Structures are given as structure tokens and as C-alpha cells.
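For reference, the structure is listed below as C-alpha cells.
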Amino acid sequence: MSSLILASICMIASCTRGADAFAPVYSFASKTSTSALNAENKLTLIDDPDTVAAPVAFRLSDATKKTDGEEAVIMCHIDCIAKINDVDYVIGFPADHAVDIAYVEEDDDGEEGLVLIETDDPLMDKLFPIAKDLVQQDEDAKLALYRTPATLTLAGNLAMDNDEDEDEDDEEEVADLLLTFECEGKEYDLVRPTDLMLLVGKEDGDNKEQRVLIDDEESEQIMPTLMEMLGI
């Protein structure tokens, strides 16, 4: 995942993915907390169910980076808004299941780990159509895979088995395996991260009804402050 994403964050009370600045667009009740570092920095949690339930479109900051077959936007539920240096950053989580295509690789210590493939990686041009076709083959599940900005998304009712006999001392899984396939002699997995994925965007000057995902440079600038505000 790129730094557009607060990836693998799950210990935030519904805060992954905020709104005084958006009051003209949304009507909601909110709770506000202020960062100890800067009195001007403020975190507004959205606690109106109707506002949280209504998904909002997030788009790439640079439309020219959109690849063939990629959706123009990713729909997200807004959970909170962080005002940092007088800029309102919306934090949302994908409305559909966030999933990744990955492969297993050993590190220098011989430990296996998942290597995630970015949605804009040229390799994804080969892998995504295969995974999409495999998902569609299960007609009973009625699932659909989309190449959305920042992360792939899987729409539909994804039923996962819960192993109640699993040893609590076992290392926590970082992702659920959905399917495995081969491409050019190499094995790849479609996985769903177990941690909540958060996306960060800000107001779109061209369309007040959608948000723009922040780029890597802006992410590096605000992320330390944002993570402290979220208590991470």
C-alpha cells in the first residue's frame, strides 16, 4: 500500500477512514477533541448514523495516474475529520471490502510474509483480470472485484469461516485468504487484510460532493500529527 493509506490500523474506535468544514454538505452531530500539540488542530468524530452510512467518493489527486480498467473513485464511509494547519482532512474507510493481490516471500531470516502489489503496479494489469474472472465464477456468492484507487475492493456479501477452535496464543493473521491463482508460473493470493484500512482525503475544489486522496508528499507531512490525534 502507498502512504495514501493508513494501512493496518485497527485499534481506533471506528476511526479509520472527518467536520466543521463540511457542514454545508453534511448535516451531523459531532464530538470534538483538540490535539495537545496545537490548539488549532482538531479532530471531529462523526456520530450521526445517517452521515456515516452515506458513502462518499474519494478520487486520486492526479487523474492522469488512473490506469486502464481502474475505477475513477473509491466509495468510503466518513468516520472523522481532522483539522491540521487549517486544512480539513477527511478520514474514511472503504464501503466495500478492501482486498489485495499478494504473494508470499521469505525474508533474510527465512520468515514468510505477504508482499502486497500496488493497484497502479504494471503487474496488476496482468493479475487483476485473472482474479476478477475467478471471483465472478462463483455465481452463488454474487461478488464483484473492482480496481479502485488506493486498494482493490470486493463488493458483495463476503462470508468468512470463523475457527472457534483456533489457539488464542497463535500469532494473529494479518489477512484472510480468499483465493489463490497462478500467473506466468508464479502463485498469487487474493487476500482481505484483517486490520481496518483508513483513507485520507480533503475537499475537492471541482466537486463538493467528493474528496481527493492526499498524495505521498502531503501524507508524509501530516501523518505524524494525524496519528497522534487518533491516538495511534
Side-chain angles (χ1 to χ4, degrees), residues 1-62 71-100 116 119 148-153 192-205 207-232:
M1 295 296 171
S2 72
S3 57
L4 290 173
I5 305 168
L6 288 176
S8 300
I9 297 174
C10 63
M11 298 303 293
I12 308 168
S14 85
C15 224
T16 29
R17 298 120 298 235
D20 299 38
F22 301 107
V25 181
Y26 304 103
S27 174
F28 53 82
S30 62
K31 297 178 182 177
T32 301
S33 63
T34 304
S35 170
L37 287 182
N38 187 340
E40 299 301 320
N41 295 338
K42 181 174 63 176
L43 182 68
T44 302
L45 305 180
I46 311 303
D47 56 9
D48 174 36
D50 292 335
T51 301
V52 175
V56 176
F58 281 47
R59 70 169 178 84
L60 291 172
S61 58
D62 185 354
E71 303 294 320
V73 300
I74 180 170
M75 302 304 295
C76 294
H77 295 296
I78 295 178
D79 193 79
C80 55
I81 295 176
K83 181 183 283 293
I84 301 175
N85 299 327
D86 291 326
V87 177
D88 290 290
Y89 293 96
V90 180
I91 300 153
F93 55 94
D96 294 316
H97 305 284
V99 295
D100 294 292
L116 305 182
T119 57
T148 41
T151 180
L152 303 182
T153 48
R192 183 185 67 169
T194 55
D195 287 343
L196 188 61
M197 172 175 289
L198 301 175
L199 303 180
V200 182
K202 56 186 181 180
E203 187 171 323
D204 186 342
N207 186 343
K208 300 298 183 181
E209 299 297 326
Q210 69 180 18
R211 302 294 177 258
V212 180
L213 290 164
I214 61 174
D215 58 25
D216 290 348
E217 181 178 356
E218 188 167 7
S219 176
E220 292 178 0
Q221 294 173 353
I222 72 163
M223 206 55 64
T225 301
L226 179 56
M227 293 182 75
E228 179 169 347
M229 293 173 72
L230 294 174
I232 301 171

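This is a predicted model, so every value here is computed, not measured.
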* Just wondering, do L230 and L43 contact through their side chains at under 4.5 Å, heavy atoms? -> yes
* Structure fact -> Nearest heavy-atom approach of P193 to A98 is CD-O, 3.3 Å
* Asked: Mind checking what makes side chain to side chain donor-acceptor pair (under 3.5 Å) contact with N207, not counting sequence neighbours?
  -> none
* Side-chain contact, heavy-atom cut-off 4.5 Å: P94 with I74? -> yes
* Non-hydrogen atoms of V56 and E209 that approach each other most closely -> CG1-O, 3.6 Å
* Asked: Are any of the side-chain heavy atoms of D88 and V90 separated by less than 4.5 Å?
  -> no
* Structure fact -> Taken to the nearest 0.5 Å, the spacing of K202 NZ from R211 CZ works out to 12.5 Å
* Does some side-chain heavy atom of I84 sit less than 4.5 Å from a side-chain heavy atom of M229? -> yes
* **Separation of I78 CD1 from L45 CG (nearest 0.5 Å)** => 13.0 Å
* To do: Taking side-chain contact (heavy atoms from CB on, under 4.5 Å) as the test, write out the residues that go with V212, two or more places apart.
  => R59, S61, D204
* Asked: In Å and rounded to the nearest 0.5 Å, what is the NZ to CG distance from K42 to D86?
  -> 10.5 Å
* Asked: Can you tell me if T148 uses its side chain to pair, donor with acceptor, with the backbone of V73 under 3.5 Å?
  -> no
* Looking at CE of M197 and CG of D100, how far apart are the two atoms once the value is rounded to the nearest 0.5 Å? -> 5.5 Å
* Pairwise side-chain contact, Y89 with E218, heavy-atom cut-off 4.5 Å (strictly under) -> yes
* Structure fact -> Of all heavy-atom pairs linking G201 and F58, the shortest is N-CE2, 3.8 Å
* Shortest non-hydrogen separation from T119 to L152 and the atoms involved -> CG2-N, 3.8 Å
